[in-house]
Amino acid sequence: MSLTSQSNRGGKQQRPVLNVAMVGHAFMGRAHGNAYRQANRFFDLPMQVVPSVVVGRDQKRASAAAEKLGFASATTDFDAVLADPDIHVVDVATPNDSHFPLAMQALQAKKHVLCEKPLAMTFAQTKEMAKLARKQKVRVGLWHNYRRAPATTLAANMIARGDVGDVLQVRCVYLQDWLADPKAGWSWRNSKKLAGSGAHGDLNAHLIDLVRAMTGLEFDAVCGLAKTFYKQRPVGRGKTAKVDVDDAFCFLAKFKGGAIGTFESTRVAPGRKNFNCIEISGTKGSIRWNLERMNELEVFSMKDPRDAQGWRTVMCMDDVHPYAPNWWPDGHIVGYEHTFVHHVADFVTALAGEQPFAPNFDDGVAVQAVLEAAQQSAKAGAWVKVPR
Ligand SMILES: NC(=O)c1ccc[n+]([C@@H]2O[C@H](COP(=O)([O-])OP(=O)(O)OC[C@H]3O[C@@H](n4cnc5c(N)ncnc54)[C@H](O)[C@@H]3O)[C@@H](O)[C@H]2O)c1
């Protein structure tokens with residue numbers, strides 16, 4: 001296996017090189033791989049990010065992915081990758097059950113780690129991961145990429161400077177329909193053993209992170225309701241496999257300081273593709289963001305004259321908006337994949353400058369605390385306090 005990085009060739013590279021090993025090369029592998037390739041092209045970063053090696057379970061498939069995604073090499077030997085001092089970052093882009101073992105191994109090897117969400121299967125695991133990351137003095141990040149849309153970052157800035165006053169309520173939905181057909185095939189996402197939960201860990205995890213990022217609110221207690229509508233799904237040849245995770249998961253939340261919230265995630269809502277929408281109501285106004293119109297932020301201000309009050313739509317792609325000037329002239333929009341590029345750019349900047357990066361594993365602990373408390377609550381049919 002050759003782990004020689006592209007940017008060392010010819011000795012032309014002046015900036016320090018950050019070699020990335022990426023484990024997993026399907027949906028998220030494509031999104032992350034694209035981000036590693038684009039980050040230096042659109043952001044002036046203090047380090048050169050190099051997509052070095054794809055780690056897979058099958059050499060042929062991993063090699064094909066490396067070729068396509070622009071990585072220098074591919075391997076099935078994770079131990080060799082960890083033993084290589086020229087690999088600086090390990091990216092965990094695999095199903096949920098493997099996040100804990102892979103990230104813990106990478107942390108033991110003193111690699112920086114970027115891990116997909118949800119951080120792990122249990123609150124206890126996330127705490128172990130955060131503790132080891134601190135002990136090893138490496139930098140870690142969690143791929144809650146929706147924090148880094150220009151509009152969500154702008155919303156966080158507006159809320160922080162008081163544009164909506166004190167936040168009183170958040171209402172959040174993340175609605176999809178790819179499992180609305182009972183004949184939709186079984187995958188690891190339908191297995192408790194492999195995924196931990198269904199729509200909850202998949203989609204509510206993003207909502208929880210977004211609310212924390214946009215408002216700074218911390219959860220106090222939750223009351224959950226989980227439902228699995230389709231208990232078997234086809235696996236081919238007329239056979240079916242058991243679905244033991246939720247198709248839909250709703251919960252109410254009380255936040256520290258008195259605000260309240262509602263959360264709903266589902267993968268069985270016909271007509272909804274990737275409807276990730278958050279509305280925040282404060283004492284002076286409201287803000288709403290919807291991923292399906294991700295460059296727009298809807299804003300209502302009670303400070304406007306009464307006869308001119310109404311929802312306004314801010315197109316967040318001018319040179320005054322977060323991330324926008326790094327891309328195109330005013331009004332030229334960005335998409336889903338750009339949020340991952342922003343994540344890499346901010347992580348590299350933080351790493352080089354020793355500034356904090358969020359979301360990190362401590363944020364992952366906070367998200368998992370809410371997820372797990374909501375699951376306990378759904379089981380018990382009662383409010384559950386979110387542990388610290
Ligand atoms: N941030 C987001 O918006 C977002 C979106 C989708 C998925 N995710 C998360 O990303 C992770 C991966 O999801 P996906 O959609 O890419 O899944 P996927 O099924 O498309 O791909 C998983 C990849 O991991 C590989 N893999 C599985 N087990 C492995 C192991 N033990 N070692 C090495 N490779 C292994 C598979 O071969 C495949 O390449 C999940 O945790 C999921 O929750 C995040």
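All ligand and atom numbering here is 1-based and tracks the order in the structure. Positions are given from 1, in the same order as the sequence printed here.
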Asker: If you group Ile, Leu, Val, Met, Phe, Trp and Tyr by side-chain heavy-atom gaps below 4.5 Å, do V235 and L194 land in one group?
Answerer: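 Both belong to a single hydrophobic cluster.
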Asker: Just need the protein heavy atom nearest to atom 11 (C) of ligand 1, so name the residue and atom and give the distance.
Answerer: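 Among all protein heavy atoms, the one nearest atom 11 (C) of ligand 1 is T94 O, 3.2 Å.
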Asker: Out of D97, N145, D202, who is nearest to atom 1 (N) of ligand 1 when you count heavy atoms only?
Answerer: N145
Asker: Which protein non-hydrogen atom lies closest to atom 27 (C) of ligand 1, naming both residue and atom, and how far is it?
Answerer: P95 CD, 3.2 Å
Asker: Which of the atoms in ligand 1, numbered in the order shown and given with their element, are less than 4.0 Å from a heavy-atom of Y336?
Answerer: 3 (O), 5 (C)
Asker: Once you restrict to heavy atoms under 4.0 Å, what part of F78 touches ligand 1? Side chain, backbone, both or neither.
Answerer: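 The answer is neither; F78 stays 4.0 Å or more away.
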Asker: Out of curiosity, is H206 lining ligand 1, as in a heavy atom under 4.0 Å away?
Answerer: yes
Asker: Could you tell me if T126 and Q368 have a donor-acceptor pair between their side chains, going purely by distance under 3.5 Å?
Answerer: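 The criterion, which ignores hydrogens and geometry beyond distance, is not satisfied for T126 and Q368.
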Asker: Which option out of K117, H99, R57 puts a heavy atom nearest to atom 28 (N) of ligand 1?
Answerer: R57
Asker: Among protein heavy atoms, which sits nearest to atom 18 (P) of ligand 1, and what does the distance come to when rounded to 0.1 Å?
Answerer: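 For atom 18 (P) of ligand 1, the nearest protein heavy atom comes out as A26 CB, 3.7 Å.
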Asker: What atoms of ligand 1 come within less than 4.0 Å of a heavy atom belonging to W143?
Answerer: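 With W143 as reference, the close atoms of ligand 1 come out as 1 (N).
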Asker: Under 3.5 Å, is there a donor on one side chain and an acceptor on the other for Q125 and H99?
Answerer: no
Asker: For R30, state whether at least one heavy atom is located under 4.0 Å from any atom of ligand 1.
Answerer: no
Asker: Of all the non-hydrogen atoms in the protein, which one sits nearest to atom 44 (C) of ligand 1, and at what distance?
Answerer: E116 OE1, 3.0 Å
Asker: Would you say the ring centroid of F357 lies under 6.0 angstrom from that of H343?
Answerer: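 When the ring centroids of F357 and H343 are compared, they turn out to be within the sub-6.0 Å range.
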Asker: Would you kindly say whether S281 and R171 are connected by a side-chain donor-acceptor distance under 3.5 Å?
Answerer: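 Looking only at side-chain atoms, R171 and S281 do form a donor-acceptor pair, the distance falling under 3.5 Å.
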Asker: Distance alone, cut at 3.5 Å: any donor-acceptor contact between the side chains of D91 and W143?
Answerer: yes
Asker: Regarding N274 and E292, do their side chains bring together a donor and an acceptor under 3.5 Å, going by distance alone?
Answerer: no
Asker: Provide, to 0.1 Å, the distance between atom 40 (C) of ligand 1 and the closest protein heavy atom, together with that atom's residue and name.
Answerer: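 The protein heavy atom lying closest is N96 OD1, 3.3 Å.
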Asker: What do you reckon, does L102 have a nitrogen or oxygen under 3.5 Å from a nitrogen or oxygen of ligand 1?
Answerer: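 In fact, backbone or side chain, L102 has no N or O that close.
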Asker: Can you label the angle between the F43 ring and the Y323 ring as parallel, tilted or perpendicular, going by 30° and 60°?
Answerer: perpendicular
Asker: Tell me which protein heavy atom sits closest to atom 17 (O) of ligand 1, plus the residue, atom name and distance to 0.1 Å.
Answerer: W188 CZ2, 3.6 Å
Asker: Please report whether ligand 1 has a polar contact with M28, defined as an N or O pair separated by less than 3.5 Å (distance criterion only).
Answerer: yes
Asker: Would you say S98 and ligand 1 have an N/O pair spaced under 3.5 Å apart?
Answerer: no
Asker: L175 pairs by side-chain contact (heavy atoms from CB on, under 4.5 Å) with which of R267, K273, E264?
Answerer: E264
Asker: To which protein heavy atom is atom 39 (O) of ligand 1 closest, and what is the distance rounded to 0.1 Å?
Answerer: H25 N, 3.1 Å
Asker: Under 30°, 30 to 60°, or over 60°: which ring-plane class applies to F340 and H32, parallel, tilted or perpendicular?
Answerer: tilted
Asker: Classify the contact between A31 and ligand 1 as side chain, backbone, both or neither, using a heavy-atom distance cut-off of under 4.0 Å.
Answerer: neither
Asker: At a non-hydrogen distance cut-off of under 4.0 Å, which region of R189 contacts ligand 1 (side chain, backbone, both, or neither)?
Answerer: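 The side chain, only.
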Asker: Say whether E296 and N290, considering side chains only, have a donor N or O and an acceptor N or O under 3.5 Å apart.
Answerer: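 Side-chain D/A pair, E296 to N290: absent.
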Asker: Given the side-chain rings of F42 and W328, with only the six-membered ring counted for Trp, is the space between their centroids under 6.0 Å?
Answerer: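 Yes, close enough.
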Asker: Distance to 0.1 Å, residue and atom name: give those for the protein heavy atom nearest to atom 33 (C) of ligand 1.
Answerer: V23 CG1, 3.6 Å
